[in-house]
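To keep things clear, I will list the structure first and then write my remarks on it.
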Amino acid sequence: MDRIELADFLRRARTRLTPSDVGLNAGPRRRTPGLRREEVAQLAGMSTDYYTRLEQRRGSHPSRQMLTSLARALRLTDVERDHLFHLAGEEPPRPGGSSGHVRPGLLMILDRLTDLPASVLSDWGEVLAQNTMSVALTGDRTGTNLIRRWFTAPGTRALFPPENHEQHARAHVASLRAVTAARPGDPGPAALVEELRTASNEFETYWQSHDVVVRRPSPKRFLHPVVGTLDLDCEVLLSDGQGQQLIVHSARPGTDTGQRLELLRVIGVQDLSPSS
């Protein structure tokens, strides 16, 4: 780990960005060029103290997951991401396998979708990035796997009507089977399959059916705890060579759902509990 070069690279990458580049409000009296350290830490999901120590050449060795988060927060290109990994003494992600790195252009599109829930997913269910509306709709799920959560965290299903649970479960399994067949050398999807076949009898049952599907545009019903039922169109707008998809949920103008989605935009991620 080259602490001196790593610190310099992080600092320069941070100062070349503006808050608007990453969907943040600059606010008044801003003197810091580029992003503040606490803003990078927030975007990367780490403590400000830890990120500050990295820039001050005294941080501990970051994990591969942390490096991926930093690359995403700093909007690094693929070449810059690989350089970041090398400075930290890690091998970059292998070509052809799953990558948690989201291209800067895709993140820019995500940041500018301010009135619709949008997220970037890997084709095997990894949540790589969400905008504010997506967090308001489903909660913050960045860094988790939707398929794992569906079969191991039952509370996840409360967002959807019970009569739709089997449909979602079958779609998750069939999509994962298609990915593992298409990329047999990718350890991520294969490990997830082995984990879930052991952890969930339901997953194993659907796995044995050998259904195969890929994610396509479709309507989806959500049961939001604050604004109520939302009948949304789910659009898959982009799928690049790295197996990543931009998922956008929208409502038809003039409908009850359209009004509720606008209410959700206004509410955002506020705490609406009685104590607040």
Side-chain angles (χ1 to χ4, degrees), residues 1-17 21-22 34-35 37 39-47 50-111 119-130 141-148 176 179-195 238-246:
M1 177 175 171
D2 189 335
R3 284 183 168 82
I4 295 176
E5 289 294 320
L6 177 62
D8 183 67
F9 181 67
L10 290 174
R11 184 170 56 255
R12 292 179 183 276
R14 172 173 62 84
T15 56
R16 75 185 181 188
L17 292 172
D21 290 334
V22 296
L35 297 180
R37 286 171 174 169
E39 291 170 334
V40 175
Q42 174 189 347
L43 291 168
M46 65 177 65
S47 71
Y50 177 71
Y51 178 78
T52 299
R53 283 187 279 117
L54 286 177
E55 279 203 10
Q56 292 177 345
R57 309 177 183 179
R58 55 190 182 91
S60 59
H61 190 285
S63 67
R64 294 181 64 84
Q65 181 179 357
M66 193 63 71
L67 291 170
T68 298
S69 297
L70 278 171
R72 184 184 307 128
L74 294 169
R75 304 309 196 245
L76 302 184
T77 65
D78 290 349
V79 173
E80 291 170 333
R81 176 209 57 190
D82 291 352
H83 183 62
L84 175 67
F85 271 74
H86 285 140
L87 291 177
E90 293 281 350
E91 282 297 313
R94 293 179 300 173
S98 300
S99 172
H101 182 62
V102 184
R103 292 181 293 121
L106 185 54
L107 287 171
M108 185 177 296
I109 295 173
L110 192 68
D111 292 333
S119 56
V120 179
L121 304 180
S122 73
D123 54 6
W124 56 289
E126 296 283 298
V127 183
L128 304 177
Q130 294 176 270
R141 299 186 176 185
T142 302
T144 68
N145 185 284
L146 293 184
I147 302 177
R148 177 184 288 112
L176 185 56
V179 172
T180 55
R183 295 201 305 274
D186 191 340
L192 180 62
V193 169
E194 291 305 311
E195 173 191 342
L238 183 145
S239 179
D240 66 14
Q242 293 179 321
Q244 296 176 0
Q245 302 165 335
L246 176 63

How many angstroms lie between atom CG of L74 and atom CG of L35, to the nearest 0.5 angstrom?
7.5 Å

Side chain D123, main chain Q245, donor-acceptor under 3.5 Å:
no

Taking the side chain as every heavy atom from C-beta outward, state whether L6 and L84 have any pair of such atoms under 4.5 Å apart.
yes

Would you say that R72 contacts T142 through its side chain, given a criterion of any heavy-atom pair below 4.5 Å between the two side chains?
yes

For D8, enumerate each residue passing the salt bridge (charged side-chain N to carboxylate O under 4.0 Å, His left out) test, keeping only those at least two apart in sequence or located in another chain.
R11, R12

Heavy atoms only: give me the nearest A71-R81 pair and the separation to one decimal.
CB-CG, 3.9 Å

Side chain to side chain donor-acceptor pair (under 3.5 Å) partners for E55, two or more places apart
R14, R37, Y51

To the nearest 0.5 Å, what is the distance between CG (L146) and OG (S119)?
7.5 Å

Any idea which heavy atoms bring L76 and A13 closest together, and the distance?
CD2-CB, 4.1 Å

Heavy-atom check, side chain of N145 versus side chain of W124, under 4.5 Å
yes

Less than 4.5 Å apart, side chain to side chain, heavy atoms only: is that true for V40 and L70?
yes

Least distance between heavy atoms, Y50 atom then H61 atom:
OH-C, 3.8 Å

Listed partners of D82 passing salt bridge (charged side-chain N to carboxylate O under 4.0 Å, His left out), at least two apart:
none

Of all residues at least two apart in sequence or in a different chain, which pass the side chain to side chain donor-acceptor pair (under 3.5 Å) check with E5?
none

Set of salt bridge (charged side-chain N to carboxylate O under 4.0 Å, His left out) partners for R57, sequence neighbours left out
none

Looking only at heavy atoms, what is the nearest atom pair of P62 and A88, with distance?
CG-CB, 4.2 Å

Out of the candidates T68, V120, L110, L121, only one should pair with L128 under the side chain to side chain contact (heavy atoms under 4.5 Å, CB included) rule; please name it.
V120

Heavy atoms of M1 and S60 approach each other most closely as CE-O, 3.9 Å

Taking every heavy atom of L107 against every heavy atom of A129, the minimum-distance pair comes out as CD2-CB, 3.8 Å

For Q56, does the CD atom have more than 12 heavy-atom neighbours from other residues, nucleotides or ligands under 6.0 Å away?
yes

Counting N and O atoms only, with roles assigned by atom type, does the side chain of E90 sit under 3.5 Å from a partner on the main chain of F85, one being a donor and the other an acceptor?
no

Pairing residues for R3 by the side chain to side chain donor-acceptor pair (under 3.5 Å) criterion, not counting sequence neighbours:
none

Nearest 0.5 Å, please: how far is CG in L54 from CG in L10?
6.0 Å

